[in-house]
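Counting convention: from 1, in listed order, for ligands and their atoms alike. Here the structure is a predicted model, which means the values were calculated and not measured.
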Amino acid sequence: MERTLSIIKPDATARNITGLINSMIEAAGLRIIAQRRIFLTQQQAEEFYAEHKDKSFFSGMIQQMISGPVVVQVLEGEDAIATYRKIMGSTNPAVAEEGTIRKTYALSIGQNSVHGSDSPEAARREISFFFNHTEIVG
Ligand code: CMP
């Protein structure tokens, strides 16, 4: 069993498709074991995405992430990190595989509907960024 952090981004909450996305997550065998709908502050978004701070798209991405509510959630399942990344599809929806969340719902590389941790280290850091152990109910 493994855990990963999922974020449903503002472009998706704005279109009222959090349930549709979570249906795809659950259909893949992942369990949502913690969940909260929040507005990220600019400081939180910058800290969360600190590894990208030198990228050209950083400030646009931060503005995007604070433009509306997000749903942060912990997913649990077998190979949860890889399983979730597979069903999310490529970062750029234009090249994402058919049937993936991003191919189905994302609007662009910047408005790509979902985030998922990319390694066990990232998952640990990202889960503890938003949740303490009493809020994670496996
Ligand atoms: P995410 O998985 O949340 O991790 C970093 C985010 O940066 C990524 O999804 C995209 O939304 C965003 N991103 C990556 N590359 C670009 C780009 N070239 N232009 C705009 N946003 C990008």
Side-chain angles (χ1 to χ4, degrees):
M1 280 298 166
E2 191 174 60
R3 291 175 176 182
T4 191
L5 185 86
S6 158
I7 304 179
I8 302 180
K9 297 187 181 187
D11 72 271
T13 60
R15 286 177 288 150
N16 200 26
I17 56 172
T18 62
L20 292 172
I21 290 172
N22 279 335
S23 293
M24 293 172 83
I25 288 171
E26 292 181 342
L30 296 169
R31 303 181 73 84
I32 301 164
I33 60 168
Q35 188 180 60
R36 192 183 314 125
R37 182 173 169 107
I38 55 172
F39 273 104
L40 287 175
T41 65
Q42 179 158 347
Q43 190 184 341
Q44 272 180 313
E46 287 178 353
E47 190 183 336
F48 184 82
Y49 280 118
E51 67 179 293
H52 297 299
K53 68 179 187 316
D54 297 326
K55 307 260 174 63
S56 59
F57 58 81
F58 184 71
S59 88
M61 179 184 64
I62 298 304
Q63 290 311 308
Q64 182 55 41
M65 290 301 292
I66 66 173
S67 67
V70 299
V71 178
V72 293
Q73 47 194 18
V74 179
L75 310 182
E76 183 177 75
E78 215 170 291
D79 293 323
I81 296 168
T83 300
Y84 183 45
R85 289 184 72 79
K86 186 161 192 288
I87 65 163
M88 282 196 298
S90 298
T91 306
N92 182 353
V95 299
E97 257 181 73
E98 274 319 314
T100 61
I101 295 170
R102 285 169 171 157
K103 182 69 177 183
T104 307
Y105 295 117
L107 303 173
S108 65
I109 194 165
Q111 295 185 297
N112 63 354
S113 302
V114 282
H115 166 84
S117 311
D118 65 4
S119 68
E121 298 68 39
R124 268 191 292 278
R125 180 184 78 81
E126 294 178 0
I127 289 168
S128 63
F129 190 90
F130 291 111
F131 297 99
N132 65 49
H133 72 278
T134 63
E135 298 172 306
I136 301 171
V137 185

| message | If only side-chain N and O atoms count, and only distance matters, is there a donor-acceptor pair under 3.5 Å linking Thr134 with Asn132? | response | yes
| task | Do me a favour and list the nearest non-hydrogen protein atom to atom 6 (C) of ligand 1 with residue, atom name and distance? | result | Met61 SD, 3.3 Å
| said: Using 30° and 60° as the class boundaries, would you call the ring planes of Phe130 and Phe48 parallel, tilted or perpendicular? | reply: tilted
| query | ligand 1 versus Gln111, non-hydrogen atoms closer than 4.0 Å: side chain, backbone, both, neither? | reply | neither
| field | Ligand-side contact atoms (ligand 1) for residue partner Tyr49, heavy atom cut-off under 4.0 Å | value | 1 (P), 3 (O), 4 (O), 5 (C)
| request: Specify side chain, backbone, both or neither for Met65, according to which of its non-hydrogen atoms lie closer than 4.0 Å to ligand 1. | output: neither
| The one among Asn92, Asp118, Ile109 that brings a heavy atom closest to atom 11 (O) of ligand 1 | Ile109
| field | Ligand-residue contact atoms, ligand 1 with His115, heavy atoms, under 4.0 Å | value | 1 (P), 2 (O), 3 (O), 4 (O)
| Ignoring hydrogens and geometry, is there a side-chain-to-backbone donor-acceptor pair from Glu97 to Gly89 under 3.5 Å? | no
| Lys9 contact mode with ligand 1 (heavy-atom cut-off under 4.0 Å) | side chain
| message | Please check this pair: side chain of Ser117 against backbone of Arg124, looking for a donor-acceptor N/O pair closer than 3.5 Å. | response | no
| message | So does Tyr105 get a backbone contact from the side chain of Arg15, meaning a donor-acceptor N/O pair under 3.5 Å? | response | yes
| Element-labelled atoms of ligand 1 that are located less than 4.0 Å from some non-hydrogen atom of Arg102 | 2 (O)
| task | For the pair Phe57 and His52, name the ring-plane relationship: parallel under 30°, tilted 30 to 60°, perpendicular over 60°. | result | tilted
| Donor-acceptor pair, side chain of Gln42 and main chain of Ile66, under 3.5 angstrom | no
| Nearest neighbour in protein (non-hydrogen) for atom 16 (C) of ligand 1 | Phe57 CD2, 3.4 Å
